[in-house]
Amino acid sequence: MATPITISAFSDSGWVKVYINGDKVLHGSGTATIELDNGIHFLTYFVQGLPGDNYSVAIVDPPAELWAVKGNLKLNHTTGQHGITI
């Protein structure tokens, strides 16, 4: 059974690329909704921006309390000295 997952990403002036299981689902700031089968999935993200830029990556739907494993994915961070976070 597939479940819709909504991912949100934001960067002050650069970009965020979000991948699920190696497939790009989002590039830039915004949201994307994809269908995932039940099971284990891997989220990877890459950020490029100016030093000191703020960025965020979050799974906004479904809410964390509905996940099989309790947890939350909401990252708010600042790019480092070189403006790249990998």
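We count residues from 1, following the sequence as given. These numbers come from a predicted model, not from an experiment.
With sequence neighbours left out, H27 forms a ring pair (Phe, Tyr, Trp, His ring centres under 6.0 Å) with W15. In this structure N38 satisfies the side-chain contact (heavy atoms from CB on, under 4.5 Å) test together with M1, T3, sequence neighbours excluded. Applying the side chain to side chain donor-acceptor pair (under 3.5 Å) rule to T33 yields the partners T6; only residues at least two apart in sequence or on another chain are considered. Residues meeting the side chain to side chain donor-acceptor pair (under 3.5 Å) test with S29, sequence neighbours left out: none. Qualifying side-chain contact (heavy atoms from CB on, under 4.5 Å) partners for T44, counting only residues two or more places apart in sequence or in other chains: Y19, F46.
No continuous path of hydrophobic side-chain contacts links Y45 to F10 [ILVMFWY only; heavy atoms under 4.5 Å]. Under the 4.5 Å side-chain heavy-atom criterion for ILVMFWY residues, a single connected hydrophobic cluster contains both L26 and I5.
You'll find the side chain of D12 stays beyond 4.5 Å of the side chain of L50, heavy atoms only. Counting only heavy atoms from C-beta outward, the side chains of T31 and I7 never approach each other to under 4.5 Å.
If you take OG on S13 and CD on Q48, they are separated by 9.5 Å, rounding to the nearest 0.5 Å. We find the CD1-NE2 distance between I34 and H41 to be 8.0 Å, quoted to the nearest 0.5 Å.
The nearest pair of heavy atoms linking G14 to D53 is N-OD2, 3.8 Å. The minimum heavy-atom distance linking A9 with G28 is given by the pair CB-O, 3.9 Å.
Cluster note: I40 groups with F42 through ILVMFWY side-chain heavy atoms spaced under 4.5 Å, whether in direct contact or through intervening members.
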